[in-house]
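Inspection log for the structure reproduced underneath, given as structure tokens.
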Amino acid sequence: MDAEAQQTERDRSSQPAVPEETPGTAGAEERSRFALVARAAEWVPGGRITLTVLFCLVSLLLLTRFVIQPFEIPSGSMEPGLRIGDRVLVNKLAYRFGAEPRRGDVVVFDGTGYFGDADYIKRVVGVGGDHVVCCDRQGRIEVNGRLVDESTFLYPGDEPSEVPFDVVVPDGTLFVLGDHRGDSSDSRDHLGSPGGGMVPVGGVIGRADWIAWPSGHWARVERAGGYARVPAASPVARGTDGRTADGVHG
């Protein structure tokens with residue numbers, strides 16, 4: 001016998017045997033799952049159709065509870081960007097896992113105990129430690145010494161504020177304003193109320209990311225670029241120094 005052939009034969013025999021898959025194992029598992037579904041369908045009225053509807057409802061409930069929730073805009077406090085009757089999709093994961101609201105974000109929050117017993121939607125103007133002042137000689141808001149251009153989202157003809165204020169936002173809270181300043185109950189109107197008009201970060205439900213309805217008004221809700229250029233707050237002592245209330249409906 002040829003020596004090379006013998007070596008080849010020995011090499012083959014030395015390799016570990018590969019276990020063969022039992023024919024029909026995967027198929028058996030699939031049949032088992034289908035059998036469970038079939039048995040469950042026999043227990044409920046309507047069979048598979050009812051199970052499908054229940055599955056969709058549970059998935060929708062989980063989605064709206066933990067990920068995205070629609071809210072209806074009931075007032076003109078955020079015009080012109082958000083109009084009465086618009087439905088916005090609120091991203092409930094935006095401020096989880098260590099992230100926090102940023103200046104310029106449009107947020108939905110629970111106002112119970114300091115704004116009113118409802119959910120509200122406003123734009124974040126100041127975060128913890130910020131020094132927010134209104135207004136300069138040209139009527140502009142100043143945050144941490146930087147003048148903010150609000151012309152891209154402010155309601156046409158509105159002043160940044162007809163009510164002067166000079167506040168330092170306490171840590172863990174937000175100073176919020178509506179885009180339609182002449183028709184918005186916001187931090188300015190609650191400066192003397194419990195909490196000083198500030199919104200606890202823990203009360204924020206999420207960030208409004210999209211206008212979903214009506215279809216003709218479908219658009220992304222953008223963060224205001226003017227606030228992105230505001231510098232970080234300087235180390236200062238934290239204080240507690242903010243028109244009809246405008247809730248949103250989930």
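Side chains are part of it too, since the values below use all heavy atoms of this structure and drop only hydrogens, waters and symmetry mates. Note that the structure is a prediction, hence the values are computed from the model and not measured.
The side-chain heavy atoms of V204 and L174, taken from C-beta on, include a pair separated by under 4.5 Å. For the pair E159 and L154, the minimum side-chain heavy-atom distance is 4.5 Å or more. Contact of the F109 side chain with the Y114 side chain is registered, since non-hydrogen atoms from C-beta on lie closer than 4.5 Å. With contacts defined as side-chain heavy-atom distances shorter than 4.5 Å, the pair V201/P101 qualifies. V169 places a side-chain heavy atom less than 4.5 Å from the side chain of V132. Residues L147 and I141 have side chains not in contact (no heavy-atom distance under 4.5 Å, counting atoms from C-beta outward).
Taking Y155 as the reference, E79, P80, D158, H180 meet the side-chain contact (heavy atoms from CB on, under 4.5 Å) condition, with sequence neighbours excluded. Considering only residues two or more places apart in sequence or on other chains, T112 meets the side-chain contact (heavy atoms from CB on, under 4.5 Å) condition with D110, D117. Listed by chain and residue number, W218 satisfy the ring-ring contact (aromatic ring centres under 6.0 Å, His included) test with W210 (two or more places apart in sequence, or in another chain). Remark: D86 pairs with no residue by the salt bridge (Lys or Arg N to Asp or Glu O under 4.0 Å) rule, at least two apart or across chains. Residues forming a ring-ring contact (aromatic ring centres under 6.0 Å, His included) with F165 (at least two apart in sequence, or on another chain): F175.
Residue pairs meeting the salt bridge (Lys or Arg N to Asp or Glu O under 4.0 Å) criterion with at least one partner in residues 139-153, sequence neighbours excluded, are D136-R140, E150-R181. Sorted by first and then second residue, the ring pair (Phe, Tyr, Trp, His ring centres under 6.0 Å) pairs involving residues 76-98 (not counting sequence neighbours) form an empty list. Each salt bridge (Lys or Arg N to Asp or Glu O under 4.0 Å) pair with one or both residues in residues 202-221, not counting sequence neighbours, appears once here: R207-D209.
Summarising the geometry, atom CG belonging to D105 is positioned 11.0 Å from atom CD belonging to E222; distances are rounded to the nearest 0.5 Å. Separation of atoms OG (S77) and NZ (K122) is listed at 3.5 Å; rounding is to 0.5 Å.
Looking at R103 and D130, a side-chain N of the basic residue comes within less than 4.0 Å of a carboxylate O on the acidic one, giving a salt bridge.
Counting all heavy atoms, side chain and backbone alike, H131 lies closest to V168 at CD2-CG2, 4.1 Å. The minimum heavy-atom distance between P160 and R188, with the atom names listed, is O-NH1, 4.3 Å. Minimum interatomic distance between V125 and V143 (heavy atoms only, all atoms of both residues): O-CG2, 3.9 Å. The two residues S161 and V163 come nearest to each other via the heavy atoms OG-O, 2.7 Å. Considering every non-hydrogen atom in both V176 and V124, the closest pair reads CG1-CA, 4.2 Å.
No donor-acceptor pair under 3.5 Å is formed between the side chain of D166 and the backbone N or O of V133. Judged by distance alone, with hydrogens and angles left aside, the side-chain atoms of S187 form a donor-acceptor pair with the main-chain N or O of G197 at under 3.5 Å.
Considering V106, V221, I205 in turn, V106 is the only one that fulfils the side chain to side chain contact (heavy atoms under 4.5 Å, CB included) rule with I121. Paired with M78 under the rule side chain to side chain contact (heavy atoms under 4.5 Å, CB included), one option of L177, D179, V88 passes, and it is D179.
Cation-pi geometry between R123 and F153 is met: the NZ or CZ atom falls under 6.0 Å from the ring centre, inside 45° of the normal.
For H190 and F115, the ring centers sit closer than 6.0 Å to each other.
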